[in-house]
Protein chains: 2
Amino acid sequence: MTVDGEPTTAGRRERKKSATRAAIRDAALRLAVRDGVENVTLDRIAGEADIALRTFFNYFSSKEEAVVAGAAGDFRAFVAAFRARPRGESVLQALREGVLDVMDQMVSDERDHISALVSIRGAPSLVPQLLAALAAQEDAFAEAIAERVDADTAGSLYPRLCAATALATLRITLDRWLEESPPGGVPSFATLRAEIDRGIAELAAGLDRPGAPE
Amino acid sequence: MTVDGEPTTAGRRERKKSATRAAIRDAALRLAVRDGVENVTLDRIAGEADIALRTFFNYFSSKEEAVVAGAAGDFRAFVAAFRARPRGESVLQALREGVLDVMDQMVSDERDHISALVSIRGAPSLVPQLLAALAAQEDAFAEAIAERVDADTAGSLYPRLCAATALATLRITLDRWLEESPPGGVPSFATLRAEIDRGIAELAAGLDRPGAPE
DNA sequence: CAATTTCGTGCACGTCGTGCATCTATGCAC
DNA sequence: GTGCATAGATGCACGACGTGCACGAAATTG
């Protein structure tokens, strides 16, 4: 399976659909990076992807959804990677290793939509869509967590709570890393891994802290 | 201060603005509950609030933002309540008590926008806006957390991580509670408090769990 | 009361998003 | 290969959305 978690083999019809979807997604992201999300019209995206404007809505329901589609695929890929980890690993171990697996997939991927997203993250109209894309994976992630723990825990608050907090942790960690990235090339993935390890360690150790003495 | 965290005294101009904003917010929520978010036009909201359509955009930039404004105010109120807790309380203690404080404010508030939100939460166009409204408070919350812990911790990943995970926990807990609420009246707040306590306890104890043995 | 600022409003314009009808390419059965 | 059934692509029309601009009314200031 690809980094997007989508199968590559299928009938001609399915392959054409995938190609069209990818063309739209890439065109939207490219134009958004070049001109700013707010300054891109669906007309131009459709032109760039060589489809009719009307056809755009057969694939995405808004400009923002198309721009963010790449990241949404990464989120799905992460859940798949988590699922693929050995059953013996603890939840946070599998989380850590799953993230690293996806990162490895991405660095070996020619198409670099991460550095593209860097330059437009924080655009007001994208923030809600990115958050929604992340939240859309919470249920699937929670189910994957439930499969990994014992029956009692699986039925409790824990799976959803852990899914939500883990995704929030990844979001915060990524955000900090991107913030501290100089505008030039993306800095070392090593620092990102270190940050993720720290975040996960905090989750594992518990999040309470004493108040100030005075 | 009110539950929205806004001052009540000011010049006539400010008071009129607040009143208009509240009128729009309430009209939007009322119509959204009655007819469904997707079936309400800005025209009708403006009519219900007795303002010109053009004026709507002086206060909100979209229908969804207006509908969600009440909840966004609650989020702000929570951060304020957290800040107001005694400095000696630990982070998660203050979190717990702050939430309860806000709940107390809300039950003593005549205007019940919680049960209104119950009936329209999950509307596809609202989800991103609700998440964004919550995320918008993360920075303020993180700063409040940083003020409560020692200097070393304040400068670390911890404040933002804790803010994000705590808000995610509240979101999940509220969501579960609303899901299990029968369509009739909102069920006891006691069960909500218990759920919140459980969620916070998990955060405090650490979120790792062993994998399945086989 | 006069000057100034802020806010409400109408108008025009471009963009967004959808329902509907039609046309074309694909897949399938034979 | 031929013809049929279906899914996808496209054009069209329409209503809703969101913003810039200019003007007038109300509030504030002094």
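The chains referred to below are lettered A, B, ... by the order of the sequence lines, with proteins before strands, and numbering in each begins at 1. Just so you know, these numbers use all the heavy atoms, side chains as well, and skip hydrogens, waters and symmetry mates.
DNA chain C is contacted by I51(B), A52(B), R54(B), T55(B) of residues 47-55 of chain B, taking any non-hydrogen atom closer than 4.0 Å. Within residues 123-135 of chain A, no residue places a heavy atom under 4.0 Å from DNA chain D. A heavy-atom distance below 4.0 Å to DNA chain C is reached by these residues of residues 26-46 of chain A, ordered by number: V40(A), T41(A), L42(A).
A pairwise comparison of heavy atoms in E195(B) and R176(B) identifies OE1-NE, 3.5 Å as the closest pair. In terms of heavy-atom proximity, V102(A) sits nearest to A81(A) at CG2-CB, 3.6 Å.
A donor-acceptor pair shorter than 3.5 Å can be found between the side chains of S115(B) and D112(B). Remark: the D74(A) side chain and the H113(A) side chain contain an N/O donor-acceptor pair separated by less than 3.5 Å.
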Between the protein and nucleotides 27-30 of chain D, list every N/O to N/O distance that falls short of 3.5 Å.
from	atom 1	to	atom 2	distance (Å)
dA27(D)	OP1	K16(B)	NZ	3.2
dA27(D)	N3	R13(B)	NH2	3.2
dT28(D)	OP1	R12(B)	N	2.8
dT28(D)	OP1	R13(B)	N	3.0

Under 3.5 Å, which protein N or O atoms sit close to an N or O of nucleotides 28-30 of chain C? Give each pair with its distance.
none

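The list of side-chain hydrogen bond (donor to acceptor under 3.5 Å, both in side chains) pairs with a residue in residues 156-168 of chain B, not counting sequence neighbours, reads D175(A)-R160(B), E179(A)-R160(B).
By the 6.0 Å contact criterion, CG on D50(B) is open, its count of non-hydrogen atoms from other residues, nucleotides or ligands being 12 or less.
Computed from coordinates, the Y59(B) OH to dG18(D) C1' distance equals 18 Å when rounded to whole Å. Across the protein-nucleic acid pair, F57(B) atom CZ and dT15(C) atom P stand 17 Å apart, rounded to whole Å. Atom CD of E65(B) is separated from atom P of dC17(D) by 14 Å (rounded to the nearest Å). Put simply, CD on E64(A) is 16 Å from P on dC17(D), counting in whole angstrom units. Regarding K63(B), its NZ atom lies at a distance of 17 Å from the P atom of dC16(C), rounded to whole Å.
To the nearest 0.5 Å, the span separating CD1 on I172(B) from CD1 on I196(B) amounts to 12.5 Å.
Under the side-chain hydrogen bond (donor to acceptor under 3.5 Å, both in side chains) criterion, S62(A) pairs with no residue at all, not counting sequence neighbours. Annotation: side-chain hydrogen bond (donor to acceptor under 3.5 Å, both in side chains) contacts of S119(B) (sequence neighbours excluded): none. Judged as a side-chain hydrogen bond (donor to acceptor under 3.5 Å, both in side chains), and not counting sequence neighbours, D139(B) has no contacts. Considering only residues two or more places apart in sequence or on other chains, F75(A) meets the ring pair (Phe, Tyr, Trp, His ring centres under 6.0 Å) condition with none of them. Considering only residues two or more places apart in sequence or on other chains, E38(A) meets the salt bridge (Lys or Arg N to Asp or Glu O under 4.0 Å) condition with none of them. Contacts of R13(B) classified as side-chain hydrogen bond (donor to acceptor under 3.5 Å, both in side chains), with partners at least two apart in sequence or in another chain: none.
By the 4.0 Å N-to-carboxylate-O rule, E89(A) lies too far from R96(A) to be salt-bridged with it.
Taking only side-chain nitrogens and oxygens, N58(A) never comes nearer than 4.0 Å to OP1 or OP2 of dG8(D).
Geometric assessment of R21(A) against the ring of F60(A) yields a positive cation-pi assignment under the 6.0 Å and 45° thresholds.
Under the 4.5 Å side-chain criterion, counting only non-hydrogen atoms from C-beta, R25(B) is not in contact with Y59(B).
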